[in-house]
Amino acid sequence: MRGTNGAGASPSGSWELAARGALLLGDKGELSPTIFAEMSALASSTGAINLGQGFPDEDGPAEVLEAARQAISEGVNQYPPGLGMPVLREAIAAHQERFYAIRVDPATQVLVTAGATEALAATILALTEPDDEIVVLEPFYDAYGGLAALARARLVTVPLRAPLFQPDLNELRSAITDRTRLILINSPHNPTGSVLPRETLELVVELAHKHDALVVTDEVYEHLTFGVEHVPVASLPGAFERTITISSGGKTFSLTGWKVGWIVAPERLLKPITAVKQFLTYVNGAPFQPAIAVGLGLPDEYFTTAAATLARKSGILGAGLREAGFEVSSPQAGYFLIADASPLGITDAADFCRALPALAGVAAVPVTAFVHPDRRDGYRSLVRFAFCKRVDVLQRAAAQLAVLKTG
Ligand code: PMP
Ligand code: GLN
């Protein structure tokens, strides 16, 4: 409700909007940038190599870029259909069958979204009531906390601890109860690079049945695994009917700025999600949609090479960080690795990350940014580095980080 400010007066705390936003604004109502935006801004103001925010520094496949150019030239520039362009919905359905033997109806079980972020937003807003519980693995991707706050839902967390970052199955069992509405799984996982094994996912499905919860699975790094299998939750027996699968073209095709994502879910769940989605963005990215469809149809070699290239880059950066004195985890997938700075005498990674651009000309993100302030013990000295960068950039970063050991 609007307060009693006169026309032209600045908004006061009596605005309902401000009260709602207070969950996301700072104590004094200030807009704080996300940790990714903060560290990217710091990297660009200092000229540091940006290993903070996870975005590649090379373009995606030429065929996909060309398809978007062609779509623009051919006039694919107006609103696409609300569910997404049929060519893309069909490509998503074909992709699920080709890689995972999951058969879905592109007309009723696939929804195109503005990135995985909108898919998560529409899902959480559509399927939770205030005070419903959403179980997440912690550390968690920052949007999960923000979106739960917007929905007035409660996050219940299951910790992932170094060095393997896998959940304790008893902790998982006790976090999921009859109050749980959504179990939000992110595998491969950001920020830790861990991949949940089949047995853990089977337990998630069993607990979802037992407590009548739904499973939301964020699989944006599905193709970027390093010698381990990615198992989509929806492929497990008895899972599809209660699973909302979310992915996006951003990571798979190194096109994070295109923001073309999607949801695959049974029609009864997709309908309320679509109802919300149509009032978030309605639609997005017309010329990018047929281009992502081209990407999803690329030969297997594209997908295996993308993963192998990243695995190699992870090795290059990991070796540099070890050389500089960090203790480094070996990620099983994704764009990121976790380095423990405690052998360098660092106890507060957040302060360290603010100083790192000046110290070594490299930007990174503290893992505490992905953890609730009350539960940061065990994460305080951990730093997330992105390795989705050119090899020469990673080599330069590794050389610069060596100053930490000697300096
Ligand atoms: N989920 C996870 C785990 C992510 O890491 C990201 C982005 N890096 C997203 C969702 C958002 O994806 P998109 O850019 O497609 O909205
Ligand atoms: N997902 C990216 C990361 O984890 C960041 C995306 C964003 O800035 N919101 O680095």
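In listed order, ligands and their atoms are each counted from 1.
You'll find the side chain of Leu51 reaches within 4.5 Å of the side chain of Lys389, heavy atoms only. The shortest distance between side-chain heavy atoms of Ser381 and Asp348 does not fall below 4.5 Å.
Protein neighbours of ligand 2 below 4.0 Å, counting non-hydrogen atoms: Phe36, Gln53, Gly54, Tyr141, Asn190, Lys251, Phe336, Arg384.
A search for side chain to side chain contact (heavy atoms under 4.5 Å, CB included) contacts involving Phe387 returns Phe226, Leu310, Lys313, Ser314, Leu317, Pro331, Leu337, Leu394, not counting sequence neighbours.
Ring geometry for Phe303 against His223 counts as tilted: the plane angle lies between 30° and 60°, on a 0 to 90° scale. In this structure, His95 and Phe99 have tilted ring planes: the angle between them lies in the 30° to 60° band.
In this structure, a donor-acceptor pair under 3.5 Å is present between the side chains of Thr192 and Ser194.
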Counting only pairs under 3.5 Å, give me each side-chain donor-acceptor contact of residues 354-373, with atom names and distances, residues two or more places apart or in other chains.
| from | atom 1 | to | atom 2 | distance (Å) |
| --- | --- | --- | --- | --- |
| Arg354 | NE | Glu38 | OE2 | 3.1 |
| His372 | ND1 | Asp374 | N | 2.9 |

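Taking the ring centroids of Phe253 and Tyr302, they lie under the 6.0 Å cut-off.
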Any protein N or O within less than 3.5 Å of an N or O in ligand 1? List each pair with its distance, or say none.
| from | atom 1 | to | atom 2 | distance (Å) |
| --- | --- | --- | --- | --- |
| ligand 1 | 1 (N) | Asp218 | OD1 | 3.4 |
| ligand 1 | 1 (N) | Asp218 | OD2 | 2.5 |
| ligand 1 | 5 (O) | Asn190 | ND2 | 2.8 |
| ligand 1 | 5 (O) | Tyr221 | OH | 2.7 |
| ligand 1 | 8 (N) | Tyr221 | OH | 3.4 |
| ligand 1 | 8 (N) | Lys251 | NZ | 1.9 |
| ligand 1 | 14 (O) | Lys259 | NZ | 3.2 |
| ligand 1 | 15 (O) | Ala116 | N | 2.8 |
| ligand 1 | 15 (O) | Ser248 | OG | 2.8 |
| ligand 1 | 16 (O) | Ala116 | N | 3.1 |
| ligand 1 | 16 (O) | Thr117 | N | 2.9 |
| ligand 1 | 16 (O) | Thr117 | OG1 | 2.6 |
| ligand 1 | 16 (O) | Lys259 | NZ | 2.7 |

Worked verdict on Phe36 versus Phe55 for ring-ring contact (aromatic ring centres under 6.0 Å, His included): CA-CA 10 Å; Phe36 313 116; Phe55 61 91; over 10 Å; no
